[in-house]
2 protein chains.
Amino acid sequence: MTFLPPKNTSEASANITSNTKSVIEGISIDCVIFSFDKKNLEVLLVHHAIGESAGKWGVLGGNPELEEGIDHAALRILYELTSLDNIYLEQLKAFTDPDRVRSERVITIGYYTLVNREDYNIKASVSVFEAKWFKINEVPKLIFDHNEILEFSLMQLRNRVRQAPIGFNLLPEKFTLLQLMHLYEEILGIELDKSNFRRKILHMKLLVELDEKQQDVSHRAAKLYKFDEAIYKKLTEKGFNFEF
Amino acid sequence: MTFLPPKNTSEASANITSNTKSVIEGISIDCVIFSFDKKNLEVLLVHHAIGESAGKWGVLGGNPELEEGIDHAALRILYELTSLDNIYLEQLKAFTDPDRVRSERVITIGYYTLVNREDYNIKASVSVFEAKWFKINEVPKLIFDHNEILEFSLMQLRNRVRQAPIGFNLLPEKFTLLQLMHLYEEILGIELDKSNFRRKILHMKLLVELDEKQQDVSHRAAKLYKFDEAIYKKLTEKGFNFEF
DNA sequence: CCAAAAGTGTTGTTGATACACCCATGT
DNA sequence: ACATGGGTGTATCAACAACACTTTTGG
């Protein structure tokens with residue numbers, strides 16, 4: 001699932017501002033963007049300055065073009081906001097908001113993505129939107145049915161994280177075991193035992209121990225690990241379990 | 001999720017034959033119907049007699065109306081074919097078939113349902129379609145991207161069946177433990193140990209032992225069980241696991 | 001030396017797995 | 001009597017939870 005972003009940003013943003021007629025009627029795309037900042041799971045919300053929903057926050061949205069697959073559309077819209085490509089993207093499902101009926105958009109396809117906060121901070125400065133990270137339990141009332149979409153994506157994230165190591169997409173490339181543990185604790189809303197977590201995750205042989213340690217911490221520095229994609233692929237093929 | 005079927009069938013079938021203009025452009029609905037017949041997991045396919053796809057088989061499809069939620073549309077379309085209501089229904093996701101682009105339908109919302117074969121046999125005789133059950137591994141090449149949709153729904157079924165006792169929707173109200181076990185074996189494509197399966201499923205306390213036994217079998221008659229919805233609800237709230 | 005987090009070790013309990021075995025019933 | 005599936009019992013092993021403990025490092 002690789003997306004080739006347009007060569008320059010003016011071309012990209014043109015797709016949003018100028019509402020060309022090649023857009024599919026009745027269908028929109030909404031994309032929940034998750035990130036993990038030190039201790040908290042967060043969502044990126046977009047501020048609506050114009051139109052009927054002015055002043056309110058919502059999930060990132062857009063419209064698929066006629067000759068464009070919907071996954072591709074989601075990646076494109078995502079790229080326009082965050083300047084990130086090669087992002088973990090998964091479709092949730094199609095939503096119909098009863099309140100939307102008779103208004104422009106009848107059906108929206110929901111997506112969620114997991115982005116690494118470091119990458120975002122580096123690249124997102126070019127964004128044309130006003131966007132802000134919200135802690136997951138400090139999300140305000142959103143436009144349309146976006147609260148429902150967010151709720152659903154959280155549920156989906158909690159489920160998927162137990163079946164595959166997708167959580168890694170939220171972490172920097174190199175991380176400590178406790179960072180990883182805190183991530184799981186935050187997403188699943190549970191407390192984990194340090195010792196047992198260690199044993200279990202190391203037992204899976206998914207992590208590669210690096211020769212590096214944490215820097216500038218006021219306590220014993222922890223070993224850094226990275227996630228080995230090759231090993232992951234092998235394991236996914238015969239199916240494996242990530243229960244915690 | 002209860003659907004109120006139209007009072008008479010002529011009203012129902014009118015929705016398909018007369019293509020009213022109130023249909024949402026660019027969106028269709030496709031519905032995979034699973035059933036379990038003694039030993040085999042099966043899908044209900046519909047024969048296309050007219051149009052460009054004449055002679056081929058496909059999953060049950062239809063179009064949502066403008067003021068209709070998509071879940072409701074799926075239930076309605078389902079009712080038109082099977083005369084069944086109160087069916088287990090779950091949305092899969094939205095699909096875009098690259099080959100469909102530029103043809104009428106651009107996006108389709110996939111659904112899958114689990115029906116009890118006995119109920120179907122009783123009610124389905126009134127259907128206006130030519131429909132047939134296919135064993136899951138004897139499915140021919142289908143129209144459009146329907147093979148992909150079927151494949152995806154199978155995957156989803158295999159996943160969901162491990163997390164919630166939805167498999168019960170495929171069985172008659174009263175069943176034996178070995179019928180239930182064979183169901184899991186067939187869906188998951190694995191072999192299970194009779195003794196261990198018993199212990200595990202009974203330990204969950206989800207089943208209610210009935211005072212009845214099998215009739216007319218040429219071996220020792222097995223006790224019949226039924227599935228207690230009240231207990232299920234209680235358990236789902238705190239979450240439980242169905243791994244086998 | 002103390003706080004704070006890293007990292008190791010131990011032990012009891014639970015549950016999965018792999019069997020062996022007996023029971024009831026129609027042909 | 002035997003085939004077929006129904007149903008019970010048991011021994012072994014692996015995984016998990018709970019908790020106590022030692023180590024490293026900055027201030």
Side-chain angles (χ1 to χ4, degrees), chain A residues 38-40 161-163 165 171-172 174-186 188-226 235 238-244, chain B residues 36-40 161-163 165 171-172 174-186 188-226 235 238-244:
Chain A
K38 315 287 180 208
K39 292 268 173 185
N40 301 295
V161 106
R162 291 166 184 269
Q163 289 163 34
L171 291 175
K174 300 167 183 179
F175 51 86
T176 71
L177 290 187
L178 254 71
Q179 276 169 16
L180 183 59
M181 187 175 102
H182 289 320
L183 175 66
Y184 276 97
E185 289 185 321
E186 171 77 359
L188 299 176
I190 53 176
E191 286 216 333
L192 294 169
D193 182 276
K194 199 178 28 153
S195 161
N196 296 334
F197 180 83
R198 264 174 168 277
R199 222 194 329 277
K200 189 160 180 183
I201 198 92
L202 288 176
H203 193 196
M204 291 177 190
K205 312 239 177 198
L206 261 170
L207 298 185
V208 180
E209 192 179 319
L210 298 174
D211 271 338
E212 279 177 83
K213 293 199 168 194
Q214 278 182 314
Q215 299 291 329
D216 305 315
V217 283
S218 71
H219 55 76
R220 174 169 175 183
K223 256 184 204 147
L224 292 172
Y225 290 80
K226 73 170 194 173
L235 281 173
K238 36 175 170 162
F240 64 109
N241 206 348
F242 241 69
E243 288 291 335
F244 281 105
Chain B
F36 184 68
D37 191 40
K38 316 281 180 216
K39 293 268 174 185
N40 301 295
V161 106
R162 290 166 186 269
Q163 288 163 35
L171 290 174
K174 300 168 184 179
F175 50 87
T176 71
L177 290 187
L178 254 73
Q179 277 169 16
L180 183 58
M181 186 175 104
H182 290 320
L183 174 66
Y184 276 97
E185 289 184 322
E186 170 77 358
L188 299 175
I190 52 176
E191 286 216 334
L192 294 169
D193 182 276
K194 198 180 25 156
S195 160
N196 296 334
F197 180 83
R198 266 176 166 276
R199 223 195 328 277
K200 188 161 180 181
I201 198 92
L202 289 177
H203 193 210
M204 291 178 190
K205 312 242 177 195
L206 261 170
L207 300 185
V208 180
E209 192 179 319
L210 298 173
D211 270 341
E212 281 177 82
K213 293 199 166 195
Q214 280 183 313
Q215 300 290 329
D216 305 315
V217 283
S218 72
H219 53 76
R220 175 174 175 180
K223 257 185 203 143
L224 292 173
Y225 290 80
K226 71 170 193 174
L235 280 173
K238 36 176 172 166
F240 64 110
N241 207 348
F242 242 70
E243 287 292 335
F244 282 104

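Numbers restart at 1 for each chain; the letters A, B, ... are given by sequence-line order, proteins then strands.
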Novice: Does the protein touch nucleotides 19-27 of chain D at the base, only the backbone, or not at all? Give it as B, S and - per nucleotide, heavy atoms under 4.0 Å.
Specialist: B---BBBS-
Novice: Between C1' on D/dA17 and CZ on A/Phe244, what's the gap in Å once rounded to a whole number?
Specialist: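 These atoms are roughly 14 Å apart.
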Novice: Run the side chain to side chain contact (heavy atoms under 4.5 Å, CB included) check on B/Met181 and B/Ile201 step by step: do they pass?
Specialist: CA-CA 9 Å; B/Met181 186 175 104; B/Ile201 198 92; over 6 Å; no
Novice: Please name the pair of heavy atoms, one in B/Lys194 and one in B/Leu178, separated by the smallest distance, quoted to 0.1 Å.
Specialist: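 Smallest heavy-atom distance, with atoms named: CG-CD1, 3.7 Å.
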Novice: Have a look at A/Leu178 and say if it touches a base, only the backbone sugar-phosphate, or nothing, with a 4.0 Å heavy-atom cut-off.
Specialist: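 Since only primed, P, OP1 and OP2 atoms lie under 4.0 Å of A/Leu178, the category is sugar-phosphate.
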Novice: Do you know the tightest heavy-atom contact between A/Lys226 and A/Phe175?
Specialist: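 Between these two residues, the closest heavy atoms are CA-CE2, 4.1 Å.
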Novice: Could you tell me from which nucleotide to which nucleotide of DNA chain C, 5' to 3', there is an atom under 4.0 Å from chain A heavy atoms?
Specialist: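 First and last nucleotides in contact are C/dA4 to C/dT10.
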Novice: Taking all atoms of both residues into account, what is the closest heavy-atom pair of B/Met204 and B/Phe242, and its distance?
Specialist: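 What the structure gives for the nearest pair is SD-CE1, 3.6 Å.
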Novice: At 10 degrees resolution, what angle do the end axes of the helix from C/dC1-D/dG27 to C/dT27-D/dA1 form when each is taken over five base pairs?
Specialist: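 Both end axes considered, the difference amounts to 10°.
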Novice: Give the rounded distance in Å between these two atoms: CD of A/Glu243 and C1' of D/dC16.
Specialist: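 Distance check: A/Glu243 CD to D/dC16 C1' gives 13 Å.
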Novice: Heavy atoms only: give me the nearest B/Glu186-B/Asn40 pair and the separation to one decimal.
Specialist: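 B/Glu186 and B/Asn40 have their closest heavy atoms at OE2-CA, 3.6 Å.
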Novice: Find the distance B/Leu202:CG to D/dG6:P and express it as a whole number of Å.
Specialist: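 Distance check: B/Leu202 CG to D/dG6 P gives 14 Å.
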Novice: Take a 6.0 Å sphere around NZ of A/Lys200 and say whether it holds more than 12 heavy atoms from other residues, nucleotides or ligands.
Specialist: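 Correct, the count exceeds 12.
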Novice: Just the rounded figure in Å: distance from C1' of D/dG5 to CZ of B/Arg198.
Specialist: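 My rounded result for the distance is 11 Å.
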Novice: State, to 0.1 Å, how close B/Lys174 and B/Gln179 come at their nearest heavy-atom pair, and which atoms those are.
Specialist: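 For B/Lys174 and B/Gln179, the tightest heavy-atom pair comes out as O-OE1, 4.4 Å.
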Novice: For A/Leu192 and D/dA18, what is the distance between atoms CG and P respectively, to the nearest whole Å?
Specialist: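 It is 11 Å, rounded to the nearest whole Å.
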Novice: Of the non-hydrogen atoms in B/Gln214 and B/Ala221, which two are nearest, and what is the gap between them?
Specialist: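 Taking every non-hydrogen atom into account, O-CB, 3.4 Å.
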Novice: Measure CZ/A/Phe242 against C1'/D/dA15 and give the value in whole Å, please.
Specialist: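 Distance check: A/Phe242 CZ to D/dA15 C1' gives 16 Å.
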Novice: In sequence, state the C-alpha distance, the side-chain angles, and the governing distance for B/Phe197 and B/Leu180, and then conclude on side chain to side chain contact (heavy atoms under 4.5 Å, CB included).
Specialist: CA-CA 10 Å; B/Phe197 180 83; B/Leu180 183 58; 3.9 Å; yes
Novice: Could you give the CE-to-P distance, from A/Met204 to D/dA15, as a whole number of Å?
Specialist: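 In whole Å, D/dA15 P lies 11 Å from A/Met204 CE.
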Novice: Please indicate whether A/Glu243 has more than 12 foreign heavy atoms, meaning atoms of other residues, nucleotides or ligands, lying under 6.0 Å from its CD.
Specialist: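 Check passes, neighbour count above 12.
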Novice: Check whether any side-chain heavy atom of B/Arg162 sits under 4.5 Å from a side-chain heavy atom of B/Leu188, and report yes or no.
Specialist: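 Yes, at least one pair of side-chain atoms sits under 4.5 Å.
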